[in-house]
Amino acid sequence: MAAAGPARRLTRWTSAYGGRREILAGYGLIAIPLLLFLVLNIGSIVFALVISVFEWQFRGGAQEAIGLENYQRLLSDQTFQKAIYNVATYALWVVPLQMALGLLLAVIVNAKIRGQTFFRAAFYFPAIASSAAITVLFIFIMQPQGLFNGIRASLPIDPLAALGFAPGHNWLGTATTALGSIMALNIWTTSGTMMLFYLASLQTISREVYEAARIDGANTWQTFWRITFPLLRPAHFFVATVSVIGALQLFDQAYIGGGSNGDPNFSLMSIVLYLYNAAFRQFNLDYAAAVGIVLFLIIFVATLIQRQLFGRTPSWQ
Amino acid sequence: MTTARAAPLRPDTAVDVAAVGDRGRRFRRGIGYTFLIGYALLMFVPFTWTVITSFKTQPDSVRMTFIPDPATLQGWERAFTELNPSLPQLFLNSAIIAGVVTVTNVLLGSMAGYAFARLRFPGREPLFLLVLGTLMIPDQLRMVPIYQLIRFLGLSAGDLQYGGVILVLAISATSVFLLRQYFQTIPRDLEEAAKIDGAGFFTTFWRVMLPLATPALGAVAILQFQGAWNGFFWPLVIMSERDNWPLPLGLTQFRFEFFTQWPPLMAVVTLATLPILLLYLFFQRYFVEGIAASGVKG
């Protein structure tokens, strides 16, 4: 960075850009990546918008313009409402729990403890497996005769039994507990990732701040709530955004756990599962495109709300 | 003298949750470690259970015993013989997709990353923001348009489906972002020296900058390999040919077909996770740094 200063000053009174060859080299290097980004991402949004207002066939493409018909139908569809409800419930539980757990783990792992490296590696461990592998594993553990119920049976007191769950309760096979189980699965697998995000941010807080607090006689609790927590604001924003976007896009675990209908009784039906069914079960491409646009809008609005909440632009800007 | 006086002001100031305030310190440490060890167990036990179950017989698989009785390779045998496509085929498919996607991300990511970090050309900042902005677009919004595009390009049938999946995953904004950040931290002197030696921009990039960026290239490679190896959504959308399936798709199908045949299912889960596990054991630092750097730091 030290060298950047003079170099930048120099360019200001010659030209903001490099010479002809440098400019050409720049465009040359970004050409292929940029083309892919433009076609596969930016182009996709435009294309999705177009598809959603036409009657669009798998082979024939555009048939006739139907305006906002798909969007109207979508908003009044009961299964879609169920999907929105499920995903909202899911996000309301998973996001705060994931953030709290990620922060707690990060603070502990950032402290002077024995085996710091080991614990850090251990907590991220479940995140390395594929969603397919981990979901199948989870189904095995949560089945009526699975490890989870087995551990419950071996405990002296089983708090879940007190809540009315039978010893052989079918967690994923019962409509009332299926979504909760998938929530537990994802909190388990991704809290390690959230921990790493928080950890990176924790390590940027200067030690002097803590030293000053110590001299002022602040205790651990005060130090955390008055110093660490507010200083992590950009991290809160980032983690919350990643977590909310992940929650709204719930798909793999719901599909593998409950099939394409989100069984039992639509309890695992998510927005993306609904979208997938529209495209590849009902072959209704234009309707699926409309679902995609609505999902994008929901994500966009959620991100804006969080930006207001945490009062900061994303950390990369 | 000076060191002695400075010492109390500069003790080891690592953020020590337990050490701030001495009362109840040991008690708090005790609770802390109990939580840590308990939580770590929660991370490992399910995987251990998976491996154990793969060596059990079907009736034994629902018993709460840690030692298979009798220990058998039946589950593994079934996993290798009864699957369609076969386990080696699934493995190969995953390796092809993940391998190519890793190479394209490292290559294209470092090209764009270097240009965005160092070369001064008109439109650089807006174009970089545009690339970053693509992180906001959910894959599902892109599903229908990309599916149509891939049909249009003729990549929706036969072996060309590999091409379809690879095209979609060829470059991610995260790769560009990570490499740009890293290139920005490399001192400019080295480039200046190369320039004085008469090297052009491409030579400088290829011979000087790329070798210096090895840690970042490693982090990107690991991140993308893991993502592509574990990827579920795009293969599900694009690969209608069963023979092209990568492991996660095969695994999902067996879950529906094998239903509750736990030992063979757990054998597939173990095998599907093994390559990433090995990578994680050897390159843990890259995983952690890649994830962390993609999050914070501006």
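In what follows, chains are A, B, ... by sequence order, proteins preceding strands, each numbered from 1. Everything numeric in this text was worked out from a predicted model, so none of it was measured.
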Residue part contacting chain A, namely of [X], when any heavy atom lies under 4.5 Å:
{"X": "B/Val176", "value": "side chain"}
{"X": "B/Leu277", "value": "both"}
{"X": "B/Tyr114", "value": "side chain"}

Partner chain A: residue of [options] with the largest heavy-atom pair count (under 4.5 Å):
{"options": "B/Leu236, B/Leu279, B/Leu249, B/Thr270", "answer": "B/Leu236"}
{"options": "B/Gln226, B/Met111, B/Arg118, B/Met43", "answer": "B/Met43"}
{"options": "B/Ser110, B/Gly231, B/Pro46", "answer": "B/Pro46"}
{"options": "B/Leu149, B/Val131, B/Leu265, B/Thr104", "answer": "B/Val131"}

Which atoms of [X] are under 4.5 Å from chain B, going by heavy atoms: the side chain, the backbone, both sets, or neither?
{"X": "A/Ile51", "value": "side chain"}
{"X": "A/Leu104", "value": "side chain"}
{"X": "A/Leu36", "value": "side chain"}
{"X": "A/Leu38", "value": "side chain"}
{"X": "A/Phe296", "value": "both"}
{"X": "A/Gln143", "value": "side chain"}
{"X": "A/Leu101", "value": "side chain"}
{"X": "A/Phe280", "value": "side chain"}

For chain B, which of [options] has the most heavy-atom pairs under 4.5 Å?
{"options": "A/Phe123, A/Phe118, A/Phe224, A/Phe138", "value": "A/Phe123"}
{"options": "A/Ile45, A/Ile141, A/Leu137", "value": "A/Leu137"}
{"options": "A/Trp221, A/Tyr276, A/Phe148", "value": "A/Tyr276"}
{"options": "A/Val291, A/Thr193, A/Leu105", "value": "A/Leu105"}
{"options": "A/Pro33, A/Gly150, A/Ala127, A/Gly19", "value": "A/Pro33"}
{"options": "A/Leu248, A/Thr189, A/Thr135, A/Ile113", "value": "A/Ile113"}

(Q) For B/Met143 and A/Leu275: C-alpha separation, side-chain torsions, deciding distance, then whether side-chain contact (heavy atoms from CB on, under 4.5 Å) applies. (A) CA-CA 9 Å; B/Met143 185 182 86; A/Leu275 192 162; 3.1 Å; yes
Parallel, tilted or perpendicular: which fits the ring planes of [X] and [Y], with parallel below 30° and perpendicular above 60°?
{"X": "A/Trp56", "Y": "A/Phe47", "answer": "perpendicular"}
{"X": "B/Phe47", "Y": "A/Trp188", "answer": "tilted"}
{"X": "B/Tyr280", "Y": "B/Phe287", "answer": "perpendicular"}

Q) Would B/Arg180 count as a cation-pi partner of B/Phe128, with NZ or CZ less than 6.0 Å from the six-membered ring centre and within 45° of the ring normal? A)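 The answer is yes, since B/Arg180 meets both limits relative to B/Phe128.
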Q | salt bridge (charged side-chain N to carboxylate O under 4.0 Å, His left out) partners of B/Arg63, counting only residues at least two apart | A |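 So B/Arg63 forms a salt bridge (charged side-chain N to carboxylate O under 4.0 Å, His left out) with B/Asp60.
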Q: For residues B/Phe66 and B/Trp49, establish whether the separation of their ring centroids is below 6.0 Å.
A: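 Centroid distance B/Phe66-B/Trp49: below 6.0 Å, so yes.
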**Q.** Residue pair B/Phe202, B/Trp206: steps toward the ring-ring contact (aromatic ring centres under 6.0 Å, His included) verdict
**A.** CA-CA 6 Å; B/Phe202 290 108; B/Trp206 194 253; 10.0 Å; no
Taking distance alone, no hydrogens or angles, what donor-acceptor pairs closer than 3.5 Å link side-chain atoms of residues 22-29 of chain A to residues at least two apart or in another chain?
residue, atom, partner, partner atom, Å
A/Glu22, OE1, B/Arg120, NH2, 2.8
A/Glu22, OE2, B/Arg120, N, 2.8
A/Glu22, OE2, B/Arg120, NE, 3.0
A/Tyr27, OH, B/Pro122, O, 2.5

Q. Can you find a side-chain donor-acceptor pair between B/Thr134 and A/Asn41 that sits under 3.5 Å?
A. no
